[in-house]
Amino acid sequence: ADPKVVKKVVKDHGMKCESAHFSMRELRENQQKSIDWAKEVGMTQMVVATLGAGNNPTMDVVKKAADEYNAIAAVAAKARVQQALHNEGFEVSSVDGRRTYDILMELLDPKLVKFQFQMSTIRQGFVADEYFTKYPGRFISMHVQDVDMNATPPPGGRGQQGRGVQTSVGKGTIDWIKTFKAAKAAGV
């Protein structure tokens, strides 16, 4: 969409758009065009949902993905745009008995890459307040959503038996007081 139109629509609704998701493919193939579009809309942050290197990566694959994203983030930083990583798919996998997400926390340059926390990954054992406390200063935002870890998903619904069901905020089992306290202390 035309960035001027997007900016006007957002402004006409009394909002501003600080960030949005971009795909790795977009950034690999046309990063400068994406940066220019984002800046024209008024964004200061560009987020990718996943580095997309598969759900069963090797350590070499994780290192290669981190190196590539650090390079992408360096270009964004020169344009005064903060690059950030969400946690979906690849990031919730494991390598050599460790969470890929934790390995990426070590491999991604904290000056170049920040993180956006997906609250529904609690289904895979990722608890926001634990991450905010363990990695202060690394997170800039979170997707606020709740999960009822005691609910059984309906047939054909999202979620797996014993893994919870996404629900309205406050209707699930996430401890929001603990989450927001940790988020504030960590700089989210």
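These numbers were taken from a predicted model, which means no experiment stands behind them.
- Residues Gln124 and Thr121 have side chains in contact (heavy-atom distance under 4.5 Å, counting atoms from C-beta outward).
- Within 6.0 Å of CG on Asp109 lie more than 12 heavy atoms contributed by other residues, nucleotides or ligands.
- A side-chain N or O of Gln145 and one of Gln118 form a donor-acceptor pair less than 3.5 Å apart.
- Remark: side-chain polar atoms of Arg123 are not paired, donor with acceptor, to backbone N or O of Val165 under 3.5 angstrom.
- Side chains of Met119 and Thr179 form a contact here, defined as non-hydrogen atoms less than 4.5 Å apart.
- In this structure, the side chains of Arg98 and Glu106 come closer than 4.5 Å at one or more pairs of heavy atoms.
- Glu88 and Thr50 share no side-chain donor-acceptor pair at under 3.5 Å.
- When side chains are defined from C-beta on, Ile72 counts as touching Gln83, because their heavy atoms get closer than 4.5 Å.
- Under a hydrophobic-cluster definition in which Ile, Leu, Val, Met, Phe, Trp and Tyr are linked whenever side-chain heavy atoms come within less than 4.5 Å, directly or via other members, Met15 and Val144 are assigned to the same cluster.
- Both Met142 and Tyr101 are assigned to one and the same hydrophobic cluster, defined by single-linkage of ILVMFWY side chains at heavy-atom distances under 4.5 Å.
- Grouped with Val9 in one hydrophobic cluster are Val5, the linkage being side-chain heavy-atom contacts under 4.5 Å among Ile, Leu, Val, Met, Phe, Trp and Tyr residues.
- No side-chain donor-acceptor contact under 3.5 Å links Asn30 to the backbone of Lys33.
- Lys78 places no side-chain N or O within donor-acceptor distance of the main-chain N or O of Ala74, the cut-off being under 3.5 Å.
- A heavy-atom distance below 4.5 Å is found between the side chains of Leu85 and Leu104.
- Residues Leu107 and Ala66 come closest through the heavy atom pair CB-CB, 3.6 Å.
- Residues His86 and Glu91 have side chains not in contact (no heavy-atom distance under 4.5 Å, counting atoms from C-beta outward).
- Residues Phe115 and Tyr135 place their aromatic rings such that the two centres sit no closer than 6.0 Å.
- With sequence neighbours left out, the side chain to side chain contact (heavy atoms under 4.5 Å, CB included) criterion links Asp146 to Thr167, Ile174, Trp176.
- Judged as a ring pair (Phe, Tyr, Trp, His ring centres under 6.0 Å), and not counting sequence neighbours, Phe90 has no contacts.
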Show the atom names and distances, to 0.1 Å, of all donor-acceptor pairs under 3.5 Å that link a side chain in residues 20-27 to residues at least two apart or in another chain.
unit_1 : atom_1 : unit_2 : atom_2 : d
His21  : NE2    : Gln116 : OE1    : 2.8
Ser23  : OG     : Glu26  : N      : 2.9
Arg25  : NE     : Glu29  : OE2    : 3.2
Glu26  : OE1    : Ser23  : N      : 2.9

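- Taking both residues in full, the closest heavy atoms of Asn87 and Val92 are given as O-CG1, 4.4 Å, listed atom of the first, atom of the second, then distance.
- Shortest non-hydrogen contact noted between Arg138 and Leu108 is NH2-O, 3.1 Å.
- Of all heavy-atom pairs spanning Val147 and Ser120, the tightest one is CG2-CA, 3.7 Å.
- Under the 4.5 Å side-chain heavy-atom criterion for ILVMFWY residues, no single connected hydrophobic cluster contains both Tyr131 and Val47.
- At a cut-off of 3.5 Å, with distance as the only test, no side-chain donor of Ser93 or Asn55 sits close to an acceptor on the other residue.
- Between Phe132 and Lys184 the shortest side-chain heavy-atom distance does not fall below 4.5 Å.
- A distance-only check finds a donor-acceptor pair linking the side chain of Lys39 to the backbone of Ala79 [under 3.5 Å].
- For Pro3, the side chain to side chain contact (heavy atoms under 4.5 Å, CB included) criterion is met by Trp37, Glu40, Val41, not counting sequence neighbours.
- Under the rule for a ring pair (Phe, Tyr, Trp, His ring centres under 6.0 Å), Tyr69 has no partner lying at least two apart in sequence or in another chain.
- Side-chain contact between Met46 and Ser34 is present, with at least one heavy-atom pair separated by less than 4.5 Å.
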